[in-house]
There are 2 protein chains.
Amino acid sequence: MLQQFEILKKAGLSVTESRKTILDLFFAAQGALAHADIEKHSSINIDRVTVYRTLQTFVESGIIHQIPTTDNTILYALCKDSCEAGHHHDEHVHFICTTCNKTNCLDDVMVPTVKLPNGFLPIQTAMIVKGTCIDCKSPHPQPFPQR
Amino acid sequence: MLQQFEILKKAGLSVTESRKTILDLFFAAQGALAHADIEKHSSINIDRVTVYRTLQTFVESGIIHQIPTTDNTILYALCKDSCEAGHHHDEHVHFICTTCNKTNCLDDVMVPTVKLPNGFLPIQTAMIVKGTCIDCKSPHPQPFPQR
DNA sequence: AAATGATTTGCAATATTGTTGCAATATTTT
DNA sequence: AAAATATTGCAACAATATTGCAAATCATTT
Ligand SMILES: [Mn+2]
Ligand SMILES: [Mn+2]
Ligand SMILES: [Zn+2]
Ligand SMILES: [Zn+2]
């Protein structure tokens with residue numbers, strides 16, 4: 001896996017402290033992060049506005065991808081090395097555990113294609129499964145993020 | 001299809017002006033509505049708070065269902081008559097048109113089941129397809145909601 | 001390594017969105 | 001129609017998001 005430095009370089013971004021720190025959080029995190037997780041993380045001291053701008057930049061650069069939710073938040077998770085600006089490769093299923101509230105990328109579960117009515121032209125498909133995750137069926141203590 | 005009055009009755013809800021008006025909006029709408037669509041609709045004069053509470057009540061009563069997005073909004077669409085409180089039957093695909101920004105329930109396209117890794121217990125699955133809708137391939141004028 | 005130019009950051013101000021308690025009003029039940 | 005129950009609107013507040021701009025940081029050139 002690439003180092004933060006390389007990831008930023010490869011994306012053509014300046015290598016700044018904020019960006020490295022936020023990338024570190026994603027590497028350390030179990031599962032996806034919301035803006036609030038980052039902003040409120042104990043060891044972090046980055047302005048809200050910078051967090052907003054960093055997340056946006058990372059999405060546009062193919063470093064992280066977004067996961068849609070029904071609670072007025074957006075979740076973000078690291079992309080595979082193969083993602084590029086404007087051209088993501090993240091058509092895997094996302095799993096939201098309703099017990100521990102963690103969201104996992106199921107990298108090995110591809111989103112199936114589905115036949116649409118005539119005239120609908122698909123470009124990108126997201127699939128979000130809610131349920132109980134493997135950790136919550138046979139539980140053990142959980143690290144960051146705590147929600 | 002049921003009348004507003006019957007829908008509210010069947011759900012065990014009081015039949016109020018606000019609720020009938022908001023239900024009317026959903027019937028008139030092409031596609032899903034966000035809170036903001038309702039609040040800002042020209043002919044409507046219902047307090048923000050009432051709109052929030054009405055949407056929440058409708059979801060809990062199985063009158064509307066939520067559609068996840070990646071833009072800090074939640075979309076809502078009418079459920080089928082067969083939905084009940086706490087037990088929705090809306091496992092159809094949702095289509096978000098990136099041209100006209102309308103979101104449609106593809107009622108006839110069921111969400112496929114997908115094999116998850118061992119230990120993950122699915123309860124509910126959402127599938128959101130982004131692309132170009134049929135109206136935008138062979139366009140004609142569009143009514144509410146305008147976004 | 002210092003100077004230069006370009007980019008990013010933090011702050012302040014503002015805007016938008018969401019929540020809560022409570023009195024007034026509307027609806028349902030008796 | 002009166003009583004009981006539920007809903008609504010207002011006000012106050014809280015949380016989240018956006019913008020402009022000056023200061024700080026980073027990349028590039030010398
Ligand atoms: Mn993912
Ligand atoms: Mn739907
Ligand atoms: Zn879990
Ligand atoms: Zn369209």
Side-chain angles (χ1 to χ4, degrees), chain A residues 3-25 32-41 43-61 63-64 66-76 85 101 145-147, chain B residues 3-25 32-41 43-61 63-64 66-76 85 101 145-147:
Chain A
Q3 307 298 317
Q4 317 125 345
F5 184 88
E6 298 170 299
I7 291 176
L8 294 170
K9 277 297 184 191
K10 180 188 164 205
L13 298 176
S14 307
V15 179
T16 72
E17 284 307 311
S18 305
R19 287 172 179 171
K20 283 191 291 182
T21 305
I22 292 176
L23 259 186
D24 274 343
L25 272 192
L33 299 179
H35 172 98
D37 295 322
I38 296 170
E39 189 192 332
K40 287 162 189 160
H41 187 258
S43 79
I44 222 175
N45 200 20
I46 300 177
D47 191 84
R48 291 175 56 65
V49 178
T50 302
V51 175
Y52 282 116
R53 298 197 267 224
T54 302
L55 290 172
Q56 183 181 321
T57 302
F58 282 4
V59 169
E60 288 166 355
S61 307
I63 294 174
I64 60 179
Q66 299 176 304
I67 304 164
T69 72
T70 49
D71 67 350
N72 288 307
T73 63
I74 305 171
L75 293 174
Y76 300 87
N101 269 306
Q146 308 282 3
R147 275 194 279 267
Chain B
Q3 306 297 318
Q4 316 125 348
F5 185 88
E6 297 170 301
I7 291 176
L8 294 170
K9 277 297 182 191
K10 180 188 164 205
L13 298 177
S14 306
V15 179
T16 71
E17 284 308 311
S18 306
R19 286 172 179 171
K20 283 190 290 183
T21 305
I22 291 176
L23 258 187
D24 274 343
L25 272 192
L33 299 179
H35 172 97
D37 293 323
I38 296 170
E39 189 191 331
K40 287 163 189 159
H41 188 259
S43 79
I44 223 175
N45 200 22
I46 302 177
D47 192 84
R48 297 170 48 64
V49 179
T50 302
V51 175
Y52 281 115
R53 297 197 267 224
T54 302
L55 290 172
Q56 183 180 320
T57 301
F58 282 4
V59 169
E60 288 166 356
S61 307
I63 294 175
I64 60 179
Q66 300 176 304
I67 304 164
T69 72
T70 50
D71 65 352
N72 287 307
T73 63
I74 305 171
L75 293 174
Y76 300 87
N101 269 306
Q146 307 283 4
R147 273 195 280 268

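These numbers come from a predicted model, not from an experiment.
Separating the CD1 atom of B:Ile38 from the P atom of D:dT8 is a distance of 13 Å, rounded to the nearest angstrom. In this entry the distance linking CD of B:Gln66 with P of C:dG18 reads 12 Å, nearest Å. A:Ile46 has its CD1 atom 15 Å from the C1' atom of D:dA24, to the nearest Å. In this structure, the CG atom of A:Asp47 is 13 Å from the C1' atom of D:dT19, given to the nearest Å.
With distances taken from any side-chain atom of B:Val15 to the nucleotides D:dC10, C:dT28, D:dC26, the minimum falls on C:dT28. Side chain of A:Val49, nearest nucleotide from D:dA17, C:dT27, C:dC11: C:dC11. Relative to the side chain of B:Ser14, the nucleotides D:dC10, D:dT8, D:dA6 differ in distance, and D:dA6 lies closest. Closest approach to the B:Lys9 side chain among C:dG10, C:dT28, D:dC26 is made by C:dT28 (side chain taken as heavy atoms from C-beta onward). Nearest nucleotide to the B:His35 side chain, out of C:dT8, C:dG18, D:dA17: C:dG18. Here the side chain of A:Glu17 is nearest to one of D:dT8, D:dC26, D:dT16, namely D:dC26. Proximity note for B:Tyr52 (side chain, C-beta onward) versus C:dT19, C:dC11, D:dT8: the nearest is C:dT19.
At a threshold of 4.0 Å, the pair A:Glu6-A:Lys9 does not count as salt-bridged, since none of the basic side-chain nitrogens sits closer than that to a carboxylate oxygen.
Within the 4.0 angstrom heavy-atom criterion, base atoms lie near A:Arg48. Residue contacts for B:Arg53: at a heavy-atom cut-off of 4.0 Å it reaches a base atom on one of the strands shown. B:Leu13 comes within 4.0 angstrom of no nucleic acid atom, judged by non-hydrogen atoms across all strands.
Between B:Thr16 and B:Asn72, the residue anchored nearer the 5' end of DNA chain C, judged by the nucleotide with its closest heavy atom, is B:Asn72.
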